[in-house]
Structure formats: structure tokens, C-alpha cells
Amino acid sequence: MIVAMDKWTVARTLDEIAQYIELSDPNPFRARAFEKAARKVETLEADLGDLVKRGELSSVSGIGKATGAIIEEIVNTGQSRYLDELREQYPPGIFDLLRVPALGLKKIGVLFSELGVSDLETLEQAAREGRVAKLKGFGAKTQQKILEGIEVARNRTSKHLLTFGLHAGETLREQLASIDVIEDAEVTGSVRRRLEVIQNVNIAVAARDPKKAIAAIKKRKLLDAIEELDENTLRGTGREDVVVFIHIVTPENFGSCVLVTTGSREFVEGFLAHGKLTKARTEHDLFEKNGIAFVEPELREDAAPLKKKKRVTLIQPTDLRGTFHIHTTYSDGRHSVLQMLEEARERGFEYAGLSDHSQAAFYARGLKPDDLKRQHAEIDRASEEVAPLRVFRGTEADILNDGAIDYGAKILSKFDFVIASIHSRFGMEKDEMTDRILRALDDPHVTFLGHATGRKLLVRDGYTFEFDKIFDRCAERGVMIEINGNPYRLDLDWRHVRRAIDRGVGFSIHPDAHSTREMSHVISGTWVARKAGLTAKQIFNTKPVDEVAEYLAARRKRALAAG
DNA sequence: GCCGTTTTCGGCCCGACTGTTTTCAGTCG
């Protein structure tokens, strides 16, 4: 029987092979060839199974004899013997070492073959004994960096991205809710508060007989290493070793349980200063009985919101009428102009702004002026097909090292909007970086400041600059800051969004989508906006299409007049 | 490993930075 392997699985397999090759093969282009084939497979318009059946795989540019044979095998059998062989040659957790900053696949390959390093523990031992510094291409400084990096990696492995916690929590919640002795279940804790990085997952469960519920949960084996902490609490570990707490109470105590396990501690203490944990089936009932206006979970990092007399209506994903910052195959996106626009239309958007990388972003295949002409023609054609969706032509232009915007005024004036982003020289000194961004904000073509700090959660901190100076200049120049909804970025941080709003800065929620699937990052973007306490009115892309078009046109006119 | 042709080999998006080196390799974006 033919196993219908989807192209994503095939691409993942090719990527994994590429990683193994890079560990051992001195020729970097061999690994790259596999990566290239993976990207090709992903963006294939034709059905992969059909191509294999008709023997037309090798007609695809980038797929040759070797990669073609592997793809064919995966499509037909669901696996690759070549990958299996590679896996056998290395310890299973070898790629976990990539979490150590300064370690790439080349160094990991050497550490493994020369010292037998297979995980963080063996790496630490080798470094402490000074064996790493003696390796060719390594030295005392690298060894020290590795030791520091191990700590960073350890710290990161105990933490998880919110998107992971949310998915893990919701999956578990559904499984728990389907158990017959369980009446209700809700994900609480820092996941419910939508904190960007979480340490554990909490779930509140309501059951008439908690003892029976605990027995049923244990029997289902939904978690590993499950243990009873007390008569109401289970602890276990889920995927990727995430620690999960399940709190089981009777239905009349469910409201209190949800409130207390959602936290934060400061908020709960503040609540108890004003009210009591009376019997209540829902959290809303509990607030009502205490005469306290409901506080959205996202706002519960401290007790301050308890003082509000009325519940605040925060922005919701459905408030968004369109978005900007969408990449296509013209730069480093995986889907075509038309595919991305169709996705926007299917999401019910009234408008979508395309913005591929500018020429300075080599590594992301940034567009040269000639490519822009081709792309603009293609956008025009695609726009007709996706009507009534309104399409805006933009760019994600690099902020160059001196703060100038890539392309220059003549080309920038051709776009409906410009997202200015930093993609190079992250390590600049604070003052220099501040000046660099300030100068960028002075360019009248700039509409949005993209991923303002450049952070990648659990991977790297953002670059440093003087926030207030940047916020004030944004407000002064009318440059909006994007809330980048990529779950790895969530940049600008919600704490800073609050600060910037107070200084009069405008915000817009963008997916930074590199595929149709990533258009959903607008939803993670609303996590940040909600956590910052924003209402729909405070976000640019909740405005109707006419208003947005008018604003962009007026801004463009001003830029033209400015020169 | 793949491609293309000036067709069976040579090149394969680039640049800053760092640490290892004395001319370059690995990492990161």
C-alpha cells in the first residue's frame, strides 16, 4: 500500500538528513543541496505523489538523482533508510547541543567524533577537564564560552514558549474533559495569563468525587511520571518534559480553583485583600459575589487592575480587519503572492500588505530593484483575482548600519507602506543603536518599525537601545511600531507596549508570515496587545479598509513632498 | 549534491564577528 506522505513530512526528513550531513561532511554544499530540495518540495504546486508516480521528480530544478530517490522512498514507504543509517551513527539527543550558543553543527560534529560528546552532561565534563580547548579549532575562550552556554541551554530547556504551553494545555484539557467523572476543565496558570515564556502548565478540573477523578486520570496515562502531591493535585510531565500540574476540586470550588491557579501570586493576594474565596462554580460568579469587576487573565500580573470599576474589553483576533508584513517566494517566503493573498482573503481580511525583504538582506534573498518591477506586476495581476481583498504593496526594508533605509527615497516612494527592520549588526552599542534607529524613524517613507528589539524568545535577547527615546520619536514622526506575532518573537514585548502607548505611539499587529500557515501569527500578536491592555481602537489594523488606505496614501504624499 | 555549460568540473545568496589562526573557519543573522 502506498503511504500518502505529505510534502511537509518529506521536507522535514530532508532537513534532518541535511543536519546530519553537516555534522560530518566537510563540503557544506552537500548539506545545502538537501535543504534546497526540502524547500523545493515545500513550495511544490503539483502533487508530490503524482510527480513520483509519473517519474517526473527529477524535472524539478534542485531535485536530482540522490535527493529524488530519497523523496521517492519516503513517499512510497514512509521512511528513509539513509536517514535511519545516519540516526544510528549519532546519539539521539545530539541536536539538543545546538541550544548552546556558539555551538553549531560543525563544532558539534568535532566534539562528538573527537571526544564522544553526546549531550550537555558529557560536554560539560569535557570542557571542565580542559579537553575541549585542546581540540583543533577550539581554544580556551571557546571552552569558556561553551561552559557559559551550557548554563544558558539548561535554563532554556526548563522553559517553554507560550505557543507550546497553550497547545499542550489545550490538548490535555480536551482529554481530561472527555473523562466521564470530570465535569469541567480549564487551562490556568501563566498559559492563561498569556505570559510569553512559561515554566509549567496548570489545569483546573471539576469533579463531584475528586478521588475518582484522580484515579481515572492516572489510569489514562496522559502524563509521564505522574504523582500525587496532595489530595487535590497531580504533577506529571508532558511532551518535551514540560511540567504539568492538575488541580482537582469539587464543582462548587471550581471558580476559586481557576482564580488561584491562574495567579499571579500578587493578583491573588490583591483579590483576597478585597474579597473572599466563596463557593462559586465559575470564576465570573466568584468576581460577582465579591463585587469585583472581572479582570481579564492577561492583566493579572499584579493587583493594580483590581481597582478598576469596570471590566476592560480587550482586543480580539476577530477585531482585525487586515494585516501587513507578509512575505512571499520573491524573498524568503514559502508561498506565492497569490497563495498568501488567498489565505488573507480566506481569513476574512479586507486588506493585506505584502512586504518582502529589501536588497540588503542577502541571506533572505532580498529583492533587487529589477525584481520589484516583476513583483509589482505580479501583485497587480493577483490583486484582480482576490478582489474585493485590497492589496497594499510594501517592503520590509533593512535599516542599514548608519540608520539609512535600504533602497533609498526614489524606490521607497513606490511602496504603499514601508516596514523598517534591523537584520544586521545586532551587537551595536546602546547609544550607536539608538542613533541608528532614530535616524531610520526620521525617514518619511517609514510607516512601521518592524520587530523592534529583534529578540528571539529562549534563543537571544534583543538589541539594546534607549526605549523612551525611540518611543518618543515614533510618536513625533507618526511611525507605528509593529507587534510582531511570530511566537518566537512576540516583539515588541507587552511591557514595553504599555510604556509606548502612554507616550502616544501607534501599534499594528503583524504576522511576519513566511507561509500561509504563519498568517495565524496575527492571533499570537493579539496575545501581546491584550497583555498590554489594549482595546481594538488602539490598533491600526482594526480600522476599515478605506480609512487605512486613506491614511497610507496621505502619509505617502507627505513623504513625496518631503523629498 | 545539483546545475549548467565556455558540458563532466567549478561554483554554489553575503557580511560581521569571533576566535583561532598567521590566512581562515565556524556561527549568526
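Heavy-atom basis, side chains included; hydrogens, waters and symmetry copies ignored. Chain letters run A, B, ... following the sequence lines, proteins first, then strands; residues in each count from 1.
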Assign [X] to base, sugar-phosphate, or nothing according to its heavy-atom contacts below 4.0 angstrom with the strands shown.
X	value
A/Ala140	sugar-phosphate
A/Asn27	base
A/Val110	nothing
A/Arg425	sugar-phosphate
A/Thr67	sugar-phosphate
A/Phe29	base
A/Leu105	sugar-phosphate
A/Lys136	nothing

Mind calculating the distance between [atom1] ([X]) and [atom2] ([N]) to the nearest angstrom?
X	N	atom1	atom2	answer
A/Asp406	B/dC14	CG	C1'	13 Å
A/Lys65	B/dC2	NZ	P	10 Å
A/Phe34	B/dC2	CZ	P	7 Å
A/Ile63	B/dC3	CD1	P	9 Å
A/Leu23	B/dG26	CG	C1'	14 Å
A/Leu135	B/dA25	CG	P	17 Å
A/Phe138	B/dT18	CZ	P	18 Å
A/Ile71	B/dC2	CD1	C1'	12 Å

Is there a donor in the side chain of [X] and an acceptor in the side chain of [Y], or the other way round, less than 3.5 Å apart?
X	Y	answer
A/His510	A/Asp512	no
A/His327	A/Glu396	yes
A/Glu298	A/Trp494	no
A/Gln144	A/Glu148	yes

Can you tell me how far [atom1] in [N] sits from the matching atom in [M], rounded to whole Å?
N	M	atom1	answer
B/dT7	B/dC2	C1'	14 Å
B/dC13	B/dC17	P	24 Å
B/dT21	B/dG26	C1'	13 Å
B/dT22	B/dG15	P	25 Å
B/dG19	B/dC12	C1'	26 Å
B/dC28	B/dT23	P	26 Å
B/dG11	B/dA25	P	16 Å
B/dT18	B/dT8	C1'	39 Å

- [ ] Hey, which sits more toward the 5' end of DNA chain B by its nearest nucleotide, A/Gln143 or A/Tyr82?
- [x] A/Tyr82
- [ ] Would you kindly compare A/Lys106 and A/Gly137 by the position of their nearest DNA chain B nucleotide and give the one closer to the 5′ end?
- [x] A/Gly137
- [ ] Specify the closest pair of heavy atoms between A/Asn200 and A/Val191, including all atoms of both residues, with the distance to one decimal.
- [x] O-CG2, 4.3 Å
Task: Base partner of B/dT18, which must satisfy Watson-Crick or wobble distances under 3.5 Å - done: B/dA25
Open item on the list: Heavy atoms from C-beta onward define the side chain here; which of B/dC2, B/dT20, B/dC13 lies closest to that of A/Arg365?
Closed with: B/dC13
- [ ] Consider the side chain of A/Thr142, meaning its heavy atoms from C-beta on, and name the nucleotide among B/dG19, B/dG29, B/dG1 that approaches it most closely.
- [x] B/dG19
Task: Below 4.0 Å: OP1/OP2 of B/dC13 and any side-chain N or O of A/Lys36 - done: yes
- [ ] Verify salt bridge (charged side-chain N to carboxylate O under 4.0 Å, His left out) between A/Asp468 and A/Arg499, making sure each step is shown before the conclusion.
- [x] CA-CA 8 Å; A/Asp468 289 341; A/Arg499 210 159 121 186; 3.1 Å; yes
Task: Parallel, tilted or perpendicular, as decided by the 30° and 60° cut-offs, for the rings of A/Phe392 and A/Phe324 - done: parallel
